[in-house]
Amino acid sequence: MPIAGIYGPDNFGSPARAHPGQPALHRISAAERARALPMPSLEWTPEVERATAHLYERVKNVISPVEWPLMAPYVKAINQLKKERDAVILAHNYQTPEIFHCVADIGGDSLQLAVEATKVKSGIIVQCGVHFMAETSKILNPHKTVLIPDQRAGCSLASSITGADVRLLRERFPGVPVVAYVNTSADVKAEVDICCTSSNALQVVESLNAPTVIFLPDQYLAKYVASQTNVKIIAWKGACEVHERFTGAELRAAREADPSVQIIAHPECPPDVLAEADFTGSTAHMINWVRNTHPKRVVMITECSMADNVKAELPDVEMVRPCNLCPHMKRITLPKILDSLIYLREEITIDPAIAEKARRSVERMINLKN
């Protein structure tokens, strides 16, 4: 059914505020220097070439032989430092191939990473994604050290809403349960009833057995969920700056150029985009669709690096652009991951009281049975 209502900061007389907890990168502190490990050699040598040859096999279809000698020394150093630090690297599907396929221990979409974060045995988690993902790992692992290679890796969705906004929504709609997309800050997660990802949004909404549900902050995911259920959805005026830029006209042009091309889209895209797609699903569902369908040519309407990561795995599937880059995901690089492991920076900290409340909403999502 159509969205029952859509609200934003302007409805409460206040503008959207910046995402909390994203200070500018700072110089290496004395404390960081005290616990630092020696900087490894970053030269391209025959030893490095041999040690990373099996990893290059994974990405040779998307990383050229010219580029690999610049990346391989970092790959070798990071993989060695993980062992020394007892660290595990979690990487989102939007990370670049040299990160996703060559240094990550666990890769996946937001739901997969949230679930896997609860199983991590290592004392240190390095989150290769954006800030809210690192916060989610910390929420689920309060006694572990969680690092993000760049604190500035934010999210337009997470920055569109605050915990105070959620409290005002509850005042306006008393008794209506609130679902928060995981693309939100810990402050927001602490104020809602349950979290969801694009993989399980519909399931989460319907699990509440309520006639009306507040769904935030992605207005387009809310519209997609509303089209799949009889539950009335009250939405928030947030949007992903990557997916919002796609248009239905782009997809029609791609299909006119090649009527045989398959188009798959993420539900964070506007409705006119989803109307043109052959399949709509989360990043994990999109990847599985390509694996199972094995199309000759496919347009993946999402972040560019995911298409590269799928291409690395399925070289015979031609990935046709358009795609858009996430500027926040691209703040995470091999050199920054290396610095994170050497100096144990940048560490995620969350107020324990907020973390405890946020943990409940995340764990409700994880424990939701199919």
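Numbers here are sequence positions counted from 1. Worth knowing before you read on, the calculation uses all heavy atoms, side chains too, and leaves out hydrogens, waters and symmetry mates.
Atom CG of residue Leu314 and atom CZ of residue Arg291 lie 7.0 Å apart, to the nearest 0.5 angstrom. The CD1 atom of Ile214 sits 10.0 Å away from atom CH2 of Trp236, with the distance rounded to the nearest 0.5 Å. A distance of 10.5 Å separates SG of Cys196 from CG of Leu368, quoted to the nearest 0.5 Å. Atom CG of residue Leu334 and atom CD of residue Glu98 lie 5.0 Å apart, to the nearest 0.5 angstrom. Atom OG of Ser122 is separated from atom CG of Asp105 by 7.5 Å, given to the nearest 0.5 angstrom. Atom NZ of Lys330 is separated from atom OG1 of Thr96 by 6.0 Å, given to the nearest 0.5 angstrom.
Checked by atom type, the side-chain pair Ser199/Ser282 shows a donor-acceptor distance below 3.5 Å. A side-chain donor from one of Thr162 and Asp165 sits under 3.5 Å from a side-chain acceptor of the other. Asp109 and Ser198 are not linked by any side-chain donor-acceptor pair at a separation below 3.5 angstrom, with hydrogens and angles left out of the test. Using modelled atom types, one finds no donor on one side chain facing an acceptor on the other under 3.5 Å when comparing Glu49 with Tyr56. His243 and Thr302 form a side-chain donor-acceptor contact under 3.5 Å, judged by distance and modelled atom types alone. For the residue pair His328 and Asp150, no side-chain donor N or O sits within less than 3.5 Å of a side-chain acceptor on the partner.
A donor-acceptor distance shorter than 3.5 angstrom exists from the side chain of Asp278 to the backbone of Ile263, with no hydrogens or angles considered. Checking side-chain atoms of Asn309 against main-chain N and O of Asn93 turns up a donor-acceptor pair under 3.5 Å. Between the side chain of Asp86 and the backbone N or O of Gly123 there is at least one donor-acceptor pair closer than 3.5 Å. In this structure, the side chain of Gln127 does not engage the main chain of Ile148 through any donor-acceptor pair within 3.5 Å. The main-chain N or O of Ala186 is found under 3.5 Å from a side-chain atom of Glu135 such that the two form a donor-acceptor pair. Formation of a donor-acceptor pair under 3.5 Å by the Asp193 side chain with backbone atoms of Val178 is found in this model. Remark: side-chain polar atoms of Ser340 are not paired, donor with acceptor, to backbone N or O of Ile337 under 3.5 angstrom. Looking at Thr52, its side chain does come within 3.5 Å of a backbone N or O of Val48 through a donor-acceptor pair. Proximity of a side-chain donor or acceptor of Asn200 to a complementary backbone N or O of Thr197 within less than 3.5 Å is detected. No side-chain donor-acceptor contact under 3.5 Å links Thr293 to the backbone of Pro295.
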Report the C-alpha distance between Ile99 and Ile332 in whole Å, list the side-chain angles of each, state the deciding distance to 0.1 Å, and finish with yes or no for side-chain contact (heavy atoms from CB on, under 4.5 Å).
-> CA-CA 9 Å; Ile99 295 173; Ile332 308 301; 4.3 Å; yes
Verify side-chain contact (heavy atoms from CB on, under 4.5 Å) between Glu318 and Val298, making sure each step is shown before the conclusion.
-> CA-CA 6 Å; Glu318 183 181 351; Val298 63; over 6 Å; no
Verify side-chain contact (heavy atoms from CB on, under 4.5 Å) between Ile234 and Val213, making sure each step is shown before the conclusion.
-> CA-CA 6 Å; Ile234 298 169; Val213 168; over 6 Å; no
Given the rule in the side-chain contact (heavy atoms from CB on, under 4.5 Å) test, do Gln151 and Glu347 qualify, once you have shown the distances and angles that lead to the verdict?
-> CA-CA 8 Å; Gln151 287 264 20; Glu347 185 170 357; 6.0 Å; no
Would you check, one step at a time, whether the test side-chain hydrogen bond (donor to acceptor under 3.5 Å, both in side chains) holds for Thr333 with Tyr74?
-> CA-CA 10 Å; Thr333 63; Tyr74 285 96; over 6 Å; no
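Annotation: side chain of Leu157 is in contact with side chain of Glu268 (closest heavy-atom distance under 4.5 Å). Side-chain contact between Pro327 and Glu241 is present, with heavy atoms from C-beta onward closer than 4.5 Å. Pro40 places a side-chain heavy atom less than 4.5 Å from the side chain of Leu338. Proximity of Thr247 to Pro270: side-chain heavy atoms (C-beta onward) are nowhere separated by under 4.5 Å. At least one side-chain heavy atom of His92 sits under 4.5 Å from a side-chain heavy atom of Ser110. Counting heavy atoms from C-beta on, the side chains of Lys138 and Thr145 never come closer than 4.5 Å. At least one side-chain heavy atom of Ile348 sits less than 4.5 Å from a side-chain heavy atom of His131. Looking only at side-chain heavy atoms (C-beta outward), Leu140 and Val362 come within less than 4.5 Å of each other.
In summary, Glu276 and Arg252 engage in a salt bridge, as defined by a charged side-chain N under 4.0 Å from a carboxylate O. Electrostatic pairing of Lys357 and Asp187 does not count as a salt bridge here, judged by no charged N lying under 4.0 Å from a carboxylate O. A salt bridge is defined here as a Lys NZ or Arg NE, NH1 or NH2 lying under 4.0 Å from an Asp or Glu carboxylate O, and Glu57 with Lys60 meets this definition. A salt bridge links Asp258 with Arg297: the closest approach of a Lys/Arg side-chain nitrogen to an acidic carboxylate oxygen falls below 4.0 angstrom.
Both Ile366 and Ile194 are part of a single hydrophobic cluster, where members link through side-chain heavy atoms under 4.5 Å apart. In the hydrophobic clustering of this structure, Ile301 does not group with Met319; members are Ile, Leu, Val, Met, Phe, Trp, Tyr whose side-chain heavy atoms approach within less than 4.5 Å, directly or through other members. Clustering ILVMFWY residues whenever any of their side-chain heavy atoms sit less than 4.5 angstrom apart, transitively, puts Val299 in a cluster other than the one holding Met306. Under a hydrophobic clustering in which Ile, Leu, Val, Met, Phe, Trp and Tyr are joined whenever their side-chain heavy atoms come within less than 4.5 Å, directly or via other members, Leu37 and Val126 fall into the same cluster. Residues Val103 and Leu113 fall within the same hydrophobic cluster, defined by Ile, Leu, Val, Met, Phe, Trp and Tyr side chains chained together at heavy-atom separations under 4.5 Å.
Taking both residues in full, the closest heavy atoms of Asp308 and Pro97 are given as CB-CG, 3.6 Å, listed atom of the first, atom of the second, then distance. Heavy atoms only, all atoms of each residue included: Arg58 and Ala312 are closest at O-CB, 3.4 Å. Shortest non-hydrogen contact noted between Val273 and Ala265 is CG1-CB, 4.3 Å. Residue Val146 comes nearest to Ala134 through the heavy atom pair CG1-O, 3.5 Å, listed as atom of the first residue, atom of the second, then distance. Nearest approach of Val176 to Thr212, heavy atoms of both residues: CG1-O, 3.5 Å. The two atoms that bring Gly129 and Met133 nearest to each other are CA-SD, 3.9 Å, heavy atoms only.
Sorted by first and then second residue, the disulfide bond (SG atoms under 2.5 Å apart) pairs with a member in residues 197-310 read Cys304-Cys323; sequence neighbours excluded.
Within a 6.0 Å sphere centred on CD of Glu356, other residues, nucleotides and ligands contribute 12 heavy atoms or fewer. Atom CD of Glu84 has more than 12 heavy atoms from other residues, nucleotides or ligands within 6.0 Å. The environment of Glu47 atom CD is sparse: at most 12 non-hydrogen atoms of other residues, nucleotides or ligands sit within 6.0 angstrom.
Every residue meeting the ring pair (Phe, Tyr, Trp, His ring centres under 6.0 Å) condition with Phe173, not counting sequence neighbours, appears here in chain and number order: Tyr7.
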